[in-house]
Amino acid sequence: MSIRKQKLSSVFFKYGVFIGLVILCLVLTFITPNFLTAQNILNILRQVSIIGMLAVGMTFVIITGGIDLSVGSILALSAVVATSLAHPDTYPLIVPIVVGLLVGLGCGVINGVVVSRWKVAPFIVTLGMMTAARGLTMVYTNGRPVINLSDKYNFIGGGYVLDIPLPIIIFVGIALIGVFLLNFTKFGRHVYSIGGNESAARLSGVNVGWVQTGVFALSGLFAGLAGIVLSSRVMAGSPVLGQGYELDAIASVVIGGTSLMGGVGKIGGTVIGVLIIGVMNNGLDLMNVSSYYQQIIKGIIIILAVLLDKKKS
Amino acid sequence: MSIRKQKLSSVFFKYGVFIGLVILCLVLTFITPNFLTAQNILNILRQVSIIGMLAVGMTFVIITGGIDLSVGSILALSAVVATSLAHPDTYPLIVPIVVGLLVGLGCGVINGVVVSRWKVAPFIVTLGMMTAARGLTMVYTNGRPVINLSDKYNFIGGGYVLDIPLPIIIFVGIALIGVFLLNFTKFGRHVYSIGGNESAARLSGVNVGWVQTGVFALSGLFAGLAGIVLSSRVMAGSPVLGQGYELDAIASVVIGGTSLMGGVGKIGGTVIGVLIIGVMNNGLDLMNVSSYYQQIIKGIIIILAVLLDKKKS
Amino acid sequence: SGSQNSGSAASGETGGGSGSSDDQITIGVSYQNLQNEFIINIQDALQAKAKELGIKLIETDGQGKAENQISQIENFITQKVDAIILNPFDKNGSAPAVDKAVAANIPIIVLNAQVANMDKVTTYVGSDDHEAGKIEMQYIADLLGGKGNIVILHGPNGHSAEVARTEGNKEVLAKYPDIKILAEQTANWDRAQALSLMENWIQSDMHIDAVVAQNDEMALGAYKAVEAAKLQDKIKIIGIDAIPDALKAVEEGKLVATVYQDARGQGEKAVEMAVKAAKGEPTEKTVYIPFQLVTKDNLNQFK
Amino acid sequence: MDLATDDVLQMKNVRKEFPGVVALDNVSFEVRRGEVHGLMGENGAGKSTLMKVLAGIYQPDSGDILLRGEKVRFQSPRDSLQKGIAMIHQELNSVLDMTVAENIFLGRELTVPGTGIVKRRLLKEMTREILQQIRSDIDPNRKLRSLSVAEMQMVEIAKALSYQSDIIIMDEPTSAITDREVNILFGVIEELKASGKAIIYISHKMDELFRLTDRITVLRDGQYIATRDTSELTQRDLIQMMVGRDLTQIYPKEDIEIRDVLLEVKNLSRHNEFRNINLQVRGGEIVGIAGLMGAGRTELVESIFGARRADTGEIRVKGKPVTIRNPKDGIRNGIALVTEDRKLLGLNLKASVKDNIVIANLSAYTYLRQIINFKAEKAAADEKIEQMNVKTPSRNTIVGTLSGGNQQKVVLSNWMLTNPDVLILDEPTRGIDIGAKSEIYKMISRIAKEGRGIIMISSEMPELFGMCDRILVLYQGEITGEFSRAEFDQNQVMACASGFRKGEAVI
Ligand SMILES: Nc1ncnc2c1ncn2[C@@H]1O[C@H](COP(=O)(O)OP(=O)(O)OP(=O)(O)O)[C@@H](O)[C@H]1O
Ligand SMILES: Nc1ncnc2c1ncn2[C@@H]1O[C@H](COP(=O)(O)OP(=O)(O)OP(=O)(O)O)[C@@H](O)[C@H]1O
Ligand SMILES: [Mg+2]
Ligand SMILES: [Mg+2]
């Protein structure tokens, strides 16, 4: 009896956040008739795809024990640069995409190099980048959104492939790449080892500087991609895109069970974390809950999810 | 020769940030004729006083190894509650002040209790509080600023005592209280000991839970005070007050030499950090530098200041 | 103020399930940002009108992000609402939301601010921010006699109202070569930021004759700095929105004027148009509710 | 050239300075193929630093390293590993949330060529084989976190061996493993030696060095003193070389009058850790607790002090029953605990000597219980620094920069200031050199003489026999024997530590 009870509760805690997501979905299915429809599920997935891409990159950074506050700003910088090359009848589609990704990558590499060479705390480096990249975005656009984009460009965020919105496909692709890198490659191993015990990793010959640069580069690259998708979805490269997204991405990662102390975490958990926030936003909107109360609920859920997760160990 | 050189550079690094501030002021004095006037100095001090109060509380939290993202939202909640009790001919001035401070204190205590009892990472707890308190502020005011405040209330942020703006006097008072608590009391010693080695502190009989609760309570209390002063300065309890202030406060603390790892830091350093940001904003405004470039410069300065400080050790 | 009454949760009606099952008309509303007092005023008018007409409202808050508004329109489409009222945050960024509604054959009423693809919109109800920018600038230009130094306090860069109001400001200025802009910068609709910015500008030896603020909050912040420097007799300040605090300031002569935007009219008209459209009745393409200059002289009309 | 005596490694005139400390001052050092070379010296003598220079962790300020006659420069641990130098570090260096296999192959994961994909199954197999060599059957899939400290240490040893390096550095490898494992390790070392590899072995344990090494090099204060063949050395010579003076009597045990019972523990139990513990400590008495690693000794004393909470049982201080729920209660009731891991649990390494000395008793140096009385605080710290003979430049020196022995004296000072009736010492001399050890023993004796009661946990039998009036032996959380001074017998105590009851016939 007691053993079974213990087992049950241990299962609950092990998959706590996942079960939380399932319960949330069940409740919403009963309360709001429109929740469990194919259309709404696709809606939710499309809505979370942007934060999702940021969160996958963020997972790598957080597992190494770092944090990346600059993803929202990098997203915007990549978006405005990409869109400025995406007017109809100018360059082929590949140009804005590649340049946008390179901008994201570049910012990420700068973050990584400053963190790993100069040993400045990631919080500070990315706080500085967050401020500076937003400023650059403003300078680049003079504060005005970049508009008049080609249809091809707008297809990225607005199009469908086999009835599935393209952003969802991109997000799933990024998540799979994340899983692959983190769990199947040497790089992934090194990411865990640095977060678990940096000096042990160093002493084992892990090139800590490279790996750190790598995770920030990855986070920047995914932020660049998110910027392309988002600007295409809203069909404009607005310089205010992505403000505050870093906090949503971090919250998703942490809700998904990745520890801010580093060393542990999974992309799967992050995806669940992203979905919890997405489902919650969607459900509260469907139930017509005021945005003010939504904020209060969201704040409490962030803390509760982590609390639930802590009980696991 | 070489010894003297070493000494010079060690002096430079020891007082690096302070010297940075002095150089910044000298440069500005030459570039902009209006920088070094009594009026402008008072201006700068008044402008930094709000962030300054937050930063003093934040210093305590960061020295214990924590972080407080919720100060901006707590500031707003205290401000709207206080102003809602500060209409002319209703309650005596003491009522809004005390209630406002209690609101800040209460939020801080909640942060502290969740961190210390439930062992959730401060980043998460205060991220949750940041979101929830902003939501509460919106609910309380229904999204509208609280206006029509009594002259007495408006005196707090707008008045002068002996030709010195009251907010400056309050800030100086808070800084002195901070220095006293941190360097002259047992509580302060315990703050350092927790940040330096929490387990060792616990085993030495330090009541870690109390001290953690204490630092968050202090941070909340000072945020409440900042809310009163700011709402009084702008003569309205706007629910959007203080957005993003947490990052400015954290940046000031870190620029001032307090380590995000905990265990080391000084209120004096924080005050210098606050002044660097304030002087920089003021100077760039005086030179009419566009806010876009200001952001870029600010981002870079945050990183450089910390880099400079790192070289010290 | 300080009322605890929640805005939208208790929106109009409560009875019945959601969705389109009953014959009650359901309208989905996406506000640009419910942290903005003016938008909340529109919300109040909307809610009151909906209650009067027995309409069910589903209200959502874009929180200052165009992408949120697109998501919200997607949600409305899933919920099969009868009509949508969109109060767009971003002229371009919120435009795809209109496309989606049109594709789903749901009438869409755009409220208060414009979108890039206005031609697809069922009805536009609102005022032209461009117009507001012109009105305030023109008034200042007249007061200065076409000659003098001004500073401009912008809204958040890239925000649709900021973009349009700036265009309006500049359009008028083009006619007055003797009016010089000494400085312009964003204060993000924020009173405290405007106050600091203005304090710093006053320090820098500028001879400012007028402050053109793109909303009242910033105008009031600027006034605070001007008053502290005892320059209130020398510097004229104008804002936009006619929030209660600003009306009081106009009455006391602190602001020379503000520009009134009719939140109530806009909100009510939007609901009326949405109901018409939902019932399949023809609607006007544009319902234009003009801005009006508010000075001491015509103040009583607006209280 | 005879390869067997050829120097495989030469370090010449190596100098390494840290801010304020010259850790190595012109040190030269040679190692031959096929020898076990001991490295000795007091705490802070520079042994680890010298080895870290060799392992590429620190770059020397000056001096050369010649490997097989060829000059090398190591920029990082990776360089040195690639050149055939592996190191077992003094501190455990495992990634706790990774598996045994992942830890062992960290930094040199075998991958499918050109893809970066790790060959997981292969690595697990290889791990199993490597562990076999040290006769360990730890599951390669287990997370390091789930292992005991001894098992972790064995994984580290296995890892270092698996590099197949020519030179293997072992920095105090036996400080956390049990005798059985020590014997396995020594066997492996013999094999390695026979196959022509060079081992550099650092330890503070004399017997190990005499048993294992061919030659011994001694460092003192960052300076090279001498290298001798072990066979030519006596223990006394070695101590003389290390300390620079004669150390005749290490254990200053004195006859002290045993007074009233100060601490009494009755039937204390804590789930899965210890059961029905009864013990008494009297004034002036030193009670030892022996047992193997993992016997639950630390858990027991932590529960007495209040760092953990016992499930059932009673604690009496001076005859009065007391409730102890946290360290504060422990301190209030006159109990002090010097923890086994001073860096992790004992000290705030970022704070000054003074701050660390006064922290547990800070209230005594305050006005109104809050405002610090700086004068009183300084006086107290200075008095203890003097009394305990803490070697520190000043009371404001940051503790992290002191040597291990001096750090331990700071911890002791901190607890002595609380004026405890009962002082509990958990492995008080672990990792401390012989000179500092003897000083700490002197202090322990002096503390007992003041009429306080002492509980001392130690894994070193000679230390317990040298210092204690009574020894309790713990096996898997239960007391299996109690010995008075007259009954001390190495075999009997070992038998109890292995699970036999005292008196049960074991030869
Ligand atoms: N990273 C460092 N920064 C500053 N000082 C250091 C550092 N590492 C070692 N030292 C100092 O260098 C000296 C030599 O230290 P080292 O660790 O080599 O001694 P050791 O002989 O290994 O001692 P032990 O027996 O305690 O391990 C000591 O004074 C120590 O405090
Ligand atoms: N934090 C922990 N989590 C899981 N297991 C632990 C933890 N701490 C200790 N253990 C386990 O508890 C047992 C007792 O550990 P410990 O080494 O502290 O015993 P001990 O008798 O005090 O040994 P000694 O004092 O000789 O080191 C060991 O099996 C150890 O692996
Ligand atoms: Mg050492
Ligand atoms: Mg132990």
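Labels below follow one simple rule: chain letters A, B, ... track the order of the sequence lines, proteins then strands, and each chain is numbered from 1.
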How long is the straight-line distance from [atom2] of [Y] back to [atom1] of [X], given to the nearest 0.5 Å?
| X | Y | atom1 | atom2 | result |
| --- | --- | --- | --- | --- |
| Asn75(C) | Thr32(A) | CG | OG1 | 10.0 Å |
| Glu59(C) | Ser291(A) | CD | OG | 9.5 Å |
| Arg144(A) | Lys91(C) | CZ | NZ | 11.5 Å |

Test item: side-chain donor near acceptor, Asn40(A) and Glu74(C), under 3.5 Å: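 Judged by distance alone, the side chains do not pair up.
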Under 3.5 Å side-chain donor-acceptor pair for Thr78(C) and Asn43(A):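 Yes, Asn43(A) and Thr78(C) have a side-chain donor paired with an acceptor closer than 3.5 Å.
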Positive for side chain to side chain contact (heavy atoms under 4.5 Å, CB included) with Gln79(C), one of Asn288(A), Thr37(A), Leu286(A):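 The option that passes is Leu286(A).
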Region of Gln63(C) that comes under 4.5 Å of a non-hydrogen atom in chain A: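 When you check distances to chain A, only side chain atoms of Gln63(C) fall under 4.5 Å.
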Contacting moiety of Thr186(C), where chain A heavy atoms sit under 4.5 Å: neither
Distance-minimising heavy-atom pair for Gly93(C) and Ala236(A):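 So the minimum-distance heavy-atom pair works out to N-CB, 4.1 Å.
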Closest heavy-atom pair and its distance - Leu34(C), Tyr292(A):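 In terms of heavy atoms, the two residues are closest at O-OH, 2.8 Å.
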Do the non-hydrogen side-chain atoms of [X] and [Y] ever get within less than 4.5 Å of each other?
| X | Y | answer |
| --- | --- | --- |
| Val234(A) | Asp90(C) | no |
| Gln47(A) | Ile70(C) | no |
| Arg233(A) | Pro96(C) | no |

Donor-acceptor pair, side chain of Lys65(C) and main chain of Gln243(A), under 3.5 angstrom: yes
Asp151(A) atom CG: more than 12 heavy-atom contacts under 6.0 Å: no
Neighbour count >12 (heavy atoms, 6.0 Å) for atom OH, Tyr140(A):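 Above 12, so yes.
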Residues of residues 100-122 of chain C with any heavy atom under 4.5 Å of a heavy atom in chain A: Lys100(C)
Among [options], which residue forms the greatest number of heavy-atom pairs with chain C at distances under 4.5 Å?
| options | result |
| --- | --- |
| Val240(A), Leu230(A), Asn281(A), Leu284(A) | Leu230(A) |
| Gln294(A), Met235(A), Met287(A) | Met235(A) |
| Arg46(A), Gln39(A), Gln295(A) | Arg46(A) |

Proximal component of Leu241(A), with respect to chain C [non-hydrogen, under 4.5 Å]: side chain
Heavy-atom pair count under 4.5 Å with chain A, highest-scoring of Asn68(C), Asn92(C), Asp61(C):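 Among Asn68(C), Asn92(C), Asp61(C), the one with the most close pairs to chain A is Asn92(C).
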Pairs involving residues 20-30 of chain A, ordered by first then second residue, that meet salt bridge (Lys or Arg N to Asp or Glu O under 4.0 Å) (sequence neighbours left out): none
